[in-house]
Amino acid sequence: LDHTILENMKLLSSIRTTFPLRCLKDITDFEFPQEILLYVQHVKKDIKAVTYHISSLALIIFSLKDSISLATEERLERIRSGLFKQVQQARECMVDEENKNTEEDSTSQHPHSEGFKAVYLELNKYFFRIRKFLVNKKYSFCAWKIVVVEIRRCFSIFYKLLNMN
Amino acid sequence: LEGEDNLRPPEDVAIYIIDDNYTLKWNHHRESMGNVTFSAEYQKGEGRIWLKVPKCQHITRTKCEFSLLGINVYSKTQFRVRAEEGNSTSSWNEADSFIPFYKAHVSPPRVHLKAEDKAILVYISPPGEDGTMWAQEKRCFNYTIRIWGRSFPVREIKPMYFPKKISKLLPETTYCLEVRAVHTSLQRHSNYSSARCINTTVANKIPVPENLEVDVQGDSYVLKWDHAFANMTFKAQWIPVYSKSSPGNHSDKWKPIPTCANVQTTHCVSPRETFHTGTFFLRVQASDGNNTSFWSEEKLIDSQKYTLLPPPVIAVTPTGDSLLVYVSCKDSKCNGLIYEVIFWENTSNTEKRQHPQSMIKEHPEFNVVNLRPLTVYCVQARVLSTGVWNKTSKFSDKLCKKTHPGNSS
């Protein structure tokens with residue numbers, strides 16, 4: 001999974017090439033929920049589920065019809081295909097983890113705790129801010145450049161976390 | 001407050017949400033026979049201002065239905081309702097605040113069917129399509145299709161790709177089916193959609209191509225299939241797998257394969273670069289010039305299966321009576337691999353020649369110990385992948401090195 005995340009970070013970098021000065025004014029703080037990092041370092045068993053949700057949310061962003069201006073159709077398809085592979089691998093890892101947890105603790109009821117639900121919500125809020133930013137900027141060239149940087153940064157955070165485990 | 005004292009506020013304010021559709025309900029004990037109306041307002045987490053609930057102003061009923069699109073469904077939201085009679089109003093009854101995303105129910109998916117002669121295509125539209133509630137959850141829903149028919153017991157299918165093609169059916173036969181959605185993370189599911197029935201068509205004059213297979217020849221894929229008739233022409237198409245991974249109609253996303261666009265053989269060859277995504281689907285269609293078959297079963301191709309593992313490169317360093325061997329992959333794609341090193345004494349004396357000894361590890365560094373001093377040993381290595389596809393590379397080039405004299409490092 002971490003190899004696939006690394007590959008996708010390279011793919012996203014291939015779009016980022018130069019960052020036009022005219023886009024600086026649009027730079028926005030999407031307020032990446034830092035508490036998520038504390039949570040996954042504390043509850044290691046949920047890092048795969050969190051990675052899966054982030055990958056799914058990122059794929060939805062890059063599957064928006066309005067992402068066409070982002071890159072050539074072929075490059076966009078490579079990115080979507082790479083993200084889809086990441087979603088699939090993260091889901092497989094999540095299911096493996098859940099099966100392992102159920103074996104170890106057959107009394108564990110719902111596979112996700114209240115803590116995970118709160119993290120899930122924070123991630124949705126975070127990606128909702130990204131999506132709202134794209135809508136407000138009418139999916140402009142600069143808006144997409146900024147979103148690519150943000151999602152790449154998000155991936156690199158989780159790439160490091162996955163390698164710490 | 002002036003005008004508020006004799007009108008009792010509404011009671012038991014409750015909210016029900018399904019996708020982006022809200023139903024606000026309350027009770028009210030009427031004390032006067034006057035004309036009592038009700039108005040509702042809501043407040044979103046971020047802003048402290050109360051907003052008027054659409055279609056819920058000065059109504060006589062004790063319930064109103066509305067949708068709230070574009071709001072942040074992940075932040076705390078609160079509703080309040082009050083009674084009004086003439087100029088006087090009751091106090092507000094503020095219901096408990098809640099997070100819409102956690103309260104919302106899932107509606108059954110919308111389903112569209114398309115019949116072939118021996119198959120049915122099931123087009124599913126995700127719950128709350130184009131709405132806000134599930135806008136970021138499209139990839140979190142799984143679906144269950146239940147299909148049944150005359151002499152066809154109920155069968156449950158959990159599609160991973162869309163539209164789902166249910167094959168091996170009988171022509172001119174009625175089949176019915178229903179679909180439900182399940183949110184995998186929230187563990188919340190919809191009711192089944194209302195059952196829909198459809199008749200398969202009469203048997204097509206041209207049967208579909210079958211047994212579609214793919215092989216690799218150098219930098220090309222070779223597509224092969226079978227067909228019952230001779231003198232047919234065939235065309236093949238491809239689509240990235242991710243395109244079919246979310247519900248919807250993706251018929252416009254199938255791409256032609258130039259070298260397989262109009263062939264008279266049951267095979268064709270296409271450069272691998274035609275398919276620029278790692279995983280894709282293939283399908284083939286037959287035609288006799290007048291009539292055309294339906295599309296074949298769709299074949300899922302993972303290009304990794306056909307990607308050969310290049311032989312690694314090795315570095316050998318004599319240290320004392322041992323050899324330090326380091327295995328590295330050519331284009332740094334060494335992730336998730338297992339390493340095998342073999343070594344043998346390089347001697348021209350055939351009687352003394354030993355079989356190569358082998359060492360296998362998950363790490364690229366090997367320490368080959370207890371060797372004879374001042375002796376030439378040869379080493380080779382290969383890598384094995386145990387991922388989705390078990391693959392083994394060829395052995396690297398051989399590298400021979402002499403061990404150091406005894407008691408030296």
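Below, all heavy atoms of this structure are taken into account, side chains as well, without hydrogens, waters or symmetry copies. Numbered from 1 within each chain, the chains take letters A, B, ... in sequence-line order.
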- Task: Hey, can you tell me if B:Y74 and A:F128 have their rings parallel, tilted or perpendicular (30° and 60° cut-offs)?
- Result: perpendicular
- Message: Under a 4.5 Å cutoff for heavy-atom pairs, which residue among B:I99, B:V73, B:T132, B:T277 has the most contacts with chain A?
- Response: B:T277
- Item | Point-to-point distance, once rounded to the nearest 0.5 Å, from CD of A:E77 to CZ of B:F275 | 13.0 Å
- Message: At a 4.5 Å cut-off on heavy atoms, which part of B:F280 comes close to chain A: side chain, backbone, both, or neither?
- Response: neither
- Item | Spacing of OG belonging to B:S75 relative to CG belonging to A:L121, to within rounding of 0.5 Å | 8.5 Å
- Task: Supply the atom-to-atom distance A:S63 OG to B:K138 NZ, rounded to the nearest 0.5 angstrom.
- Result: 9.5 Å
- Message: Other residues, nucleotides and ligands only: do more than 12 of their heavy atoms fall within 6.0 Å of CG on A:L24?
- Response: yes
- Using modelled atom types only, decide if a donor and an acceptor are shared between the side chain of A:E74 and the backbone of B:H276 within a distance under 3.5 Å. no
- Write down the atom of A:A118, the atom of B:Y102, and the distance for their closest heavy-atom approach. N-OH, 3.9 Å
- Below 4.5 Å, heavy atoms only, C-beta onward: do B:T279 and A:S81 meet side chain to side chain? yes
- Tell me, for A:Q88 versus chain B, whether the close heavy atoms (under 4.5 Å) come from the side chain, the backbone, both or neither. side chain
- Query: Taking all non-hydrogen atoms of both residues, which atom of B:E137 and which atom of A:I60 are closest, and how far apart?
  - Reply: N-CD1, 4.1 Å
- Message: Using side chain to side chain contact (heavy atoms under 4.5 Å, CB included), reason through A:F84 and B:S246 one step at a time and then give a plain yes or no.
- Response: CA-CA 10 Å; A:F84 175 65; B:S246 56; over 6 Å; no
- Item | Rounded distance (nearest 0.5 Å) linking atom NZ of A:K117 with atom OG of B:S185 | 11.0 Å
- chain A contact via B:K255 - which portion, at a heavy-atom distance below 4.5 Å: side chain
- Do B:Q136 side-chain atoms and A:N124 backbone N/O form a donor-acceptor pair below 3.5 Å? yes
- Message: If you count every heavy atom of other residues, nucleotides or ligands that lies below 6.0 Å from B:D252 atom CG, does the total exceed 12?
- Response: yes
- Is it true that atom NZ of A:K25 has more than 12 heavy atoms of other residues, nucleotides or ligands lying nearer than 6.0 Å? yes
- Task: Let me see the working for B:R139 and A:H53 under side chain to side chain contact (heavy atoms under 4.5 Å, CB included), right down to the final yes or no.
- Result: CA-CA 9 Å; B:R139 293 195 166 271; A:H53 193 45; over 6 Å; no
- Under 4.5 Å from a heavy atom of chain B, the part of A:R131 involved: side chain
- Task: Would you indicate whether the side-chain heavy atoms of A:K85 and B:Y242 approach each other to under 4.5 Å?
- Result: no
- CD of B:E362: more than 12 outside heavy atoms within 6.0 angstrom? no
